Amino acid sequence: MKQRTLAMSGFERYGKKTRRALFLEEMEQVVPWGKLCCLIEQWFNLSDPAVEEALYDSGVMGCFVGIDLGNEPVPDETTVCKFRHLLEEHRLGGQMLEAVNLHLQSRGVRITTGTIVDATIIHAPTSTKNREQKRDPEMHQTKKGNQWYFGMKAHVGVDSKPS
C-alpha cells in the first residue's frame, strides 16, 4: 500500500496543522491499513450528509480518505448511506475495531474506557488577618470564565465505566 500524505491540495498559501490533521497523521502511522482495506468505519460520528460535506469542506479529511477533488468527486450522501448499511449488514464495524485494537496492543498501546474529569476551585480567604499575617502560599488567583477567584484548582478524574 502506498504511503499517503495528509497535506493540503497545493493551492493554499497559508495554513496550520490542525488537531484533526495531527490525529489523522497519527492514525495513518499506527493503523494497519493493509489489513483493513475491506473494512471501513466512520470515526467522526458524522451523519451521511455531514460525511459528504466534510469531505468537500476539509482538505485534510479528503486527503485522508484518498479523494483528490481535482480528479474525482466525493461520494454523495446516498452512496455513503448505502455503504454504511452494507457495513452494518455484515457487522464489519466491530471486526474493524477489534483488528485495530489488536494491532495497537501488539505495539504496546492499551485502549481503555475514558475518564471523566471535573475541575473545581477550592476557595481560600484572601485576607492576611491571621496568626502568620500572610496568605497560604499554595493558594493563588485563578480565572474561571470572566470571574477571578482566590484558592486552588482541583481536578478530579473518575473512570467513566466501572472496571
Side-chain angles (χ1 to χ4, degrees), residues 1-121 142-149 153-163:
M1 182 172 179
K2 77 174 191 168
Q3 180 72 19
R4 297 178 296 173
T5 58
L6 300 178
M8 299 295 184
S9 65
F11 294 106
E12 295 84 4
R13 190 166 169 202
Y14 304 100
K16 79 173 201 175
K17 197 170 278 192
T18 62
R19 287 185 298 233
R20 179 182 287 171
L22 292 171
F23 170 76
L24 294 175
E25 282 180 3
E26 185 177 338
M27 290 301 100
E28 184 69 29
Q29 298 300 313
V30 299
V31 174
W33 294 114
K35 296 176 184 177
L36 299 175
C37 285
C38 34
L39 301 172
I40 309 291
E41 183 176 28
Q42 296 174 22
W43 282 9
F44 289 99
N45 270 346
L46 299 174
S47 66
D48 299 333
V51 168
E52 178 185 4
E53 187 170 310
L55 291 173
Y56 275 116
D57 189 44
S58 171
V60 171
M61 286 186 73
C63 189
F64 179 73
V65 299
I67 293 176
D68 178 0
L69 292 176
N71 295 317
E72 61 187 323
V74 167
D76 64 29
E77 65 183 82
T78 303
T79 303
V80 172
C81 180
K82 288 178 181 177
F83 184 68
R84 184 176 46 78
H85 286 297
L86 186 65
L87 292 175
E88 290 168 354
E89 179 183 329
H90 295 285
R91 297 190 173 121
L92 297 176
Q95 292 176 33
M96 288 178 54
L97 183 59
E98 184 178 334
V100 169
N101 285 341
L102 288 173
H103 177 75
L104 293 174
Q105 286 173 359
S106 74
R107 292 179 151 216
V109 177
R110 184 170 173 240
I111 305 298
T112 62
T113 59
T115 300
I116 299 169
V117 177
D118 179 43
T120 190
I121 298 173
T142 186
K143 188 175 183 182
K144 183 177 182 181
N146 288 325
Q147 181 73 36
W148 284 94
Y149 299 92
K153 288 184 181 179
H155 298 271
V156 180
V158 178
D159 287 342
S160 60
K161 293 183 180 179
S163 46

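Here the structure is a predicted model, which is why all the values come from computation and not from measurement. Heavy-atom basis, side chains included; hydrogens, waters and symmetry copies ignored.
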> Specify the closest pair of heavy atoms between Pro75 and Val80, including all atoms of both residues, with the distance to one decimal.
O-CG2, 4.0 Å
> Got a sec, which residues hit salt bridge (charged side-chain N to carboxylate O under 4.0 Å, His left out) with Glu72, two or more places apart in sequence or on another chain?
none
> Kindly compute the distance separating CG (Leu97) from CG (Leu92), expressed to the nearest 0.5 Å.
12.5 Å
> Calculate, to the nearest 0.5 Å, the distance between atoms CG and SG belonging to Leu69 and Cys63 respectively.
10.5 Å
> If you look at every heavy atom in Val60 and Ala21, which pair is closest and at what distance?
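Scanning both residues completely, I find the closest heavy atoms to be CG1-CA, 3.6 Å.
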> Can you list the steps and then say if Lys17 with Glu25 is a side chain to side chain contact (heavy atoms under 4.5 Å, CB included)?
CA-CA 10 Å; Lys17 197 170 278 192; Glu25 282 180 3; 3.2 Å; yes
> Taking only residues at least two apart or on different chains, which pairs with a member in residues 87-106 satisfy salt bridge (charged side-chain N to carboxylate O under 4.0 Å, His left out)?
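For residues 87-106: Arg84-Glu88.
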> If you measure from CD1 on Ile121 to CH2 on Trp148, what distance do you get to the nearest 0.5 Å?
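So the CD1 of Ile121 and the CH2 of Trp148 are separated by 10.5 Å.
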> So, taking the atom named CD in Gln95 and the one named CG in Leu87, what distance separates them when rounded to the nearest 0.5 Å?
10.0 Å
> What donor-acceptor contacts under 3.5 angstrom involve side-chain atoms of residues 49-57, with partners at least two apart or in another chain?
{"residue": "Glu52", "atom": "OE1", "partner": "Glu77", "partner atom": "N", "Å": "3.0"}
{"residue": "Tyr56", "atom": "OH", "partner": "Val74", "partner atom": "N", "Å": "3.4"}

> I would like to know whether Val100 and Leu104 meet side chain to side chain contact (heavy atoms under 4.5 Å, CB included); could you show each step before the answer?
CA-CA 6 Å; Val100 169; Leu104 293 174; 3.8 Å; yes
> Holding to side chain to side chain donor-acceptor pair (under 3.5 Å), I want the full list of residues that pass it with Thr79, two or more places apart in sequence or in another chain.
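For Thr79 the side chain to side chain donor-acceptor pair (under 3.5 Å) partners, ignoring immediate neighbours, are Asp76.
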> Arg19: which residues meet the side-chain contact (heavy atoms from CB on, under 4.5 Å) condition with it, sequence neighbours left out?
none
> List the residues meeting side chain to side chain donor-acceptor pair (under 3.5 Å) with Asn146, not counting sequence neighbours, and say none if there are none.
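Expected list: none.
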